[in-house]
Every structure is written in structure tokens, then in C-alpha cells.
Asks: 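Dropping a structure here in C-alpha cells format, bear with me for questions.
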Amino acid sequence: MTGLRVAVVGGGIIGAAVARHLARRHDAAVTLLEKETQLAAHQSGHNSGVVHAGLYYEPGSLKARLCRRGVDLLQEFVSEHTIAYDECGKVVVALSENEAGRLDALHKRAVANGVPGVRVVEADELRAIEPHAAGVRAIHSPRTAIVDFPAVTEALAAELLDAGGSVLLGHEVTAMTERTDGVRVETTREDGDYDLVVVCGGLQSDRLAALVGEPREPRIVPFYGDYFVADAGQRSLVRGMIYPVPDPRYPFLGVHVTPKTDGTLTLGPNAFLSLGRESYERGKVVPRDVRDAVGFPGFWRFASRNVTAAVRESRTALSSRRFIEEARRYVPDLDPAGVRRGGRGVRAQAMDDAGHLVDDFVITGTDRVVLVRNAPSPGATSALAIAEHVVDEALRRHHGRTSR
């Protein structure tokens, strides 16, 4: 593959991993294009930093397989680069016997996915693991970890540069034209010609797909998630992560309590429709993004089936007190007086025309342009494994074209 010119669009953790993999393992001339002035500016830099072990995902799905492979690759990578990584563990807590009934199904899924050390614990053992946690029963995943994902992204980009690649910040892609001899990529700064393009566009993935004539669906509908931060004196209330039992009727996990590698203790996120795909400040409205969401019939079909969930999430969206109280259901000793509002993330939620959330990873495209259309959680955890998979797919498509 010597001499293959490749552009990777999107400087999040997945884009950086894809670019680095192409340059190091396939000797390609790789250019990473990022529209912002820094890497990991969006989802990769606005999440809770959790390295997921694979509890939730449908056994055999691409998401489940790449999650487990991604954890192994990530552990090896952070060890080589001395990046903060803490295998603090996680409990998924049932507050009632009614919720406890859902733990068995979740445990079976985790076992099928090969999650190491996962087991169901009763109330006494839960208290031994997390002395301040409420609950009647829990799943304990001792190998679930936290990591500094922006640091991982920067280290991936550094390895790309060491392998002879380039990183162009402030280069927003405005057009892509596929031709018989390659792909012309136009940006706000300069244009380039490439043999192959891999698009890892996250929150803009559907719009970038449209640039090469691909369907807008699955459509990106953005959901924001707020975080609150407990003061330093409350960090000792938890040893690892404390999560609610997911309700299969609703699409999101609910507010959880998570320590971070910098020593802070975060509460959240909730999930509510965002008025901008990149709106990290409260009240920031982007009319184009609102029109895209509310003008999409699939959104209204989704909304009509999730009224109860929307009402539940609106309470934490509108009231800081209710948000904190939701976290205190799982850690009652949290002192609301010592909790302040933190940052916000925006999730690129892919949705189909029928209003169903697209759960698994989705990769589409043409012979020369490969599109990562959907890479939700555990996307960051799985980034290095996604890179392997996407590069294999991209080179297979390109090879198939050039051999015809």
C-alpha cells in the first residue's frame, strides 16, 4: 500500500485512531483533517471518560465485539504512553426487587460478551464494594475503567505524525467529489486530492455523507447530557462507578456517579434534545440544527413512543435539584450543597426514518469514500478496534475497485 494517499475527516478519537493505523500499519500518506483548532473538540472531549467493559451490548454485534477488542488495545496503548487509566470498577445497582429482575438478563449478556470478572452481588456485598451505595442487588464489573480520552487522542495523533502523516487543524471539509482517479476534498483553507477518504464525522456524519451523494439517513439527532461535579471532599464517597439498571423501554442509561482520572467526581449525564449539534453552553440555539431535527419525521415517531422518558428527562433538564436528587438515589450521602454544575456533552444519536435509534456501529460508503455513520458509546472505548475494522473495510473496497 506504499504511496496510497488517504484523507481522514474528523479529529476525534476514532478519526485519530484510523489515521494512525493507516500510517503505521499500511504505510499510507495520511492527512487528518479537523475543522476545529484542536483535536477531541466534540464527543471525544465531552464525555465521562468511562472505558466500557461490554455489559450492555447485543452478543455477537459489531459493537460487542469491537468493545472487547478495543479495551485490550486501549490498555496496551495507554501503558506505552503513561496515560492516566484507572480500573476502578463499576456497579449497576437495583434499588428495588422490581429492578433486580432486570439484572439477570443484563448479567447473561455481559457473560456472553466475555466481560471479565462480572458477577451479581447481593446487598451486603454491594456495601462492601461501595459502602455509600444504596440498593438491594447489583452487577459488579471490576474491570470497567476510566481514562483520559483527550490525552489518548493527542497521543494517537503524535504517532500519526511520527509515521510521516500530517494533521491539519481549522480545515473544515466543504465538498468531496469522487472521480475515476481519486477524490477531491475541498476545505475552508485548502483543497487536496486523495486515493481514499475515510470520514469519521461524529455529530456531522450525515451531512458529510450527503456531500458524496449518500443518503442522509440514518439522521443525526443530537441529545445533550449535562454533568454536575461534586466538591473534592465528596470524592471518597465512591470507589468506582455507580450506575442505574437500564430500563429497556427507554433509550438512555440515566444519571450515574462517575469519578474521573483528574480526581473529580461527576454526576450525570441526563439526555435531552439539544438545540444545537455542538451547543455546549446552556441556551445556545443553532437554527439549522433545530430545523434538521424537528423537520425529520423519524424524530416525531421516536418522540411519540418515548413520552414517559421525555417527561422523566425533562425534570433533570429543567431542575438542578431534581438532577442531584436522581444521583442521590444511588449515593444518599451526597451533599447537594457541595455539588455544582459542570460541563455538557452532545451525543450524535443516529436515527432511522421509522424513529428507531440505531444501536450498532454503522459503516457505509463507496469504493473511495468510507463513512463511519454511527459510532455511539462505547465508540471511544472501541476506537482502536474500530480503526482496525474501518481500515480493513476501506482497503477492501479500494482494492476491489482497483482490481476490476
Side-chain angles (χ1 to χ4, degrees), residues 48 50-59 64 86-146 225 227-228 230 234-260 265-271 306 308-309 311-313 315-316 319 321-336 338-339 377-378:
S48 54
V50 176
V51 180
H52 292 280
L55 271 69
Y56 304 106
Y57 320 122
E58 184 67 30
D86 182 2
E87 213 169 66
C88 58
K90 165 180 170 177
V91 290
V92 180
V93 175
L95 297 178
S96 66
E97 290 301 330
N98 180 53
E99 288 186 344
R102 299 203 299 267
L103 282 177
D104 289 334
L106 185 60
H107 180 248
K108 288 178 182 177
R109 179 170 285 196
V111 170
N113 287 336
V115 176
V118 67
R119 61 197 179 94
V120 175
V121 298
E122 302 301 328
D124 289 348
E125 194 170 0
L126 168 62
R127 231 71 69 205
I129 297 167
E130 289 287 357
H132 296 276
V136 300
R137 205 170 179 222
I139 289 174
H140 182 217
S141 173
R143 301 288 296 277
T144 299
I146 51 177
Y227 291 91
F228 281 70
Q234 301 198 72
R235 171 62 184 87
S236 61
L237 290 176
V238 303
R239 295 172 177 172
M241 292 160 262
I242 301 177
Y243 273 60
V245 180
D247 189 329
R249 295 175 299 170
Y250 305 132
F252 303 112
L253 289 177
V255 172
H256 36 275
V257 181
T258 309
K260 301 194 75 171
L265 181 64
T266 62
L267 319 178
N270 56 353
N306 289 277
T308 302
V311 171
R312 182 188 67 178
E313 295 294 334
R315 293 171 182 153
T316 60
S319 169
R321 181 184 62 81
R322 285 183 178 271
F323 189 111
I324 297 167
E325 286 303 314
E326 188 67 21
R328 292 186 71 239
R329 295 175 66 209
Y330 299 91
V331 186
D333 290 339
L334 276 168
D335 180 6
V339 176
S377 180

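Index from 1, following the sequence.
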Asks: Please name the pair of heavy atoms, one in Arg102 and one in Val245, separated by the smallest distance, quoted to 0.1 Å.
Replies: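 Nearest pair, atom of Arg102 first, then Val245: NH2-O, 3.5 Å.
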Asks: Would you please test Ile324 and Leu334 for side-chain contact (heavy atoms from CB on, under 4.5 Å) and show each step?
Replies: CA-CA 9 Å; Ile324 297 167; Leu334 276 168; 5.7 Å; no
Asks: Quick one: sort the Phe228 and Phe323 rings into parallel, tilted or perpendicular, breaks at 30° and 60°.
Replies: tilted
Asks: Over all heavy atoms of both residues, which pair between Ala134 and Leu126 is shortest? Give the atoms and the distance, please.
Replies: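 Where Ala134 meets Leu126 most closely, the heavy atoms are O-CD2, 3.8 Å.
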Asks: Could you check whether any side-chain heavy atom of Val238 comes within less than 4.5 Å of a side-chain heavy atom of Cys88, counting everything from C-beta outward?
Replies: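 In short, these two side chains do not touch, never coming nearer than 4.5 Å.
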Asks: What is the minimum heavy-atom distance between Ile129 and Arg239, and which atoms define it?
Replies: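 For Ile129 versus Arg239, the nearest heavy atoms are O-CD, 3.1 Å.
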Asks: Side chains of Arg321 and Pro336: does their closest heavy-atom pair fall under 4.5 Å?
Replies: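 SC-SC contact between Arg321 and Pro336 ruled out.
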Asks: Starting at OG of Ser236, measure out to NE2 of His132 and round the result to the nearest 0.5 Å.
Replies: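 If I round to the nearest 0.5 Å, the distance is 6.0 Å.
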Asks: Could you check whether Arg322 pairs with Glu325 (Lys NZ or Arg NE/NH1/NH2 to Asp/Glu carboxylate O, under 4.0 Å)?
Replies: no
Asks: Taking Arg127 for its side chain and Ala133 for its backbone only, find out whether a donor-acceptor pair lies under 3.5 Å.
Replies: yes
Asks: Any side-chain heavy-atom pair from Met241 and Ile146 closer than 4.5 angstrom?
Replies: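 Met241 reaches Ile146 side chain to side chain.
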Asks: Just by distance, do the side chain of Glu313 and the backbone of Ala271 share a donor-acceptor pair under 3.5 Å?
Replies: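 At least one qualifying donor-acceptor pair exists.
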Asks: Kindly indicate whether the side chain of Ser48, heavy atoms from C-beta on, has any atom under 4.5 Å from the side chain of Lys260.
Replies: no
Asks: CD1/Ile139 to CG/Leu106 distance, rounded to the nearest 0.5 angstrom?
Replies: 4.0 Å
Asks: Do Gln234 and Val339 have side chains that approach each other closer than 4.5 Å (heavy atoms only, starting at C-beta)?
Replies: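 Yes - at least one pair of side-chain heavy atoms lies under 4.5 Å apart.
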Asks: Tell me the closest heavy-atom pair linking Leu95 and Val136, and the distance in Å.
Replies: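 Scanning both residues, the minimum pair turns out to be O-CG1, 3.9 Å.
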Asks: Tell me if a side-chain donor or acceptor on Asn113 pairs with a main-chain N or O of Tyr57 at a distance below 3.5 Å.
Replies: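 Side chain of Asn113 to backbone of Tyr57: a pair is present.
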Asks: Where is the tightest heavy-atom contact between Gly135 and Val93, given as atom of each residue plus distance?
Replies: CA-CG1, 3.6 Å
Asks: When rounded to the nearest 0.5 angstrom, what is the spacing between NZ in Lys90 and CG in Leu55?
Replies: 5.5 Å
Asks: Quick one: do Glu87 and Arg143 make a salt bridge, cutoff under 4.0 Å?
Replies: yes
Asks: Which pair of non-hydrogen atoms, one from His256 and one from Ile242, has the smallest distance, and what is that distance?
Replies: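 The answer is CB-O, 3.2 Å.
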Asks: Do Tyr243 and Thr144 make a side-chain contact, defined as non-hydrogen atoms from C-beta onward lying under 4.5 Å apart?
Replies: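 Side chain of Tyr243 against side chain of Thr144, heavy atoms only: no contact under 4.5 Å found.
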Asks: How far does NE2 of His107 sit from CZ of Arg137, to the nearest 0.5 angstrom?
Replies: 9.5 Å
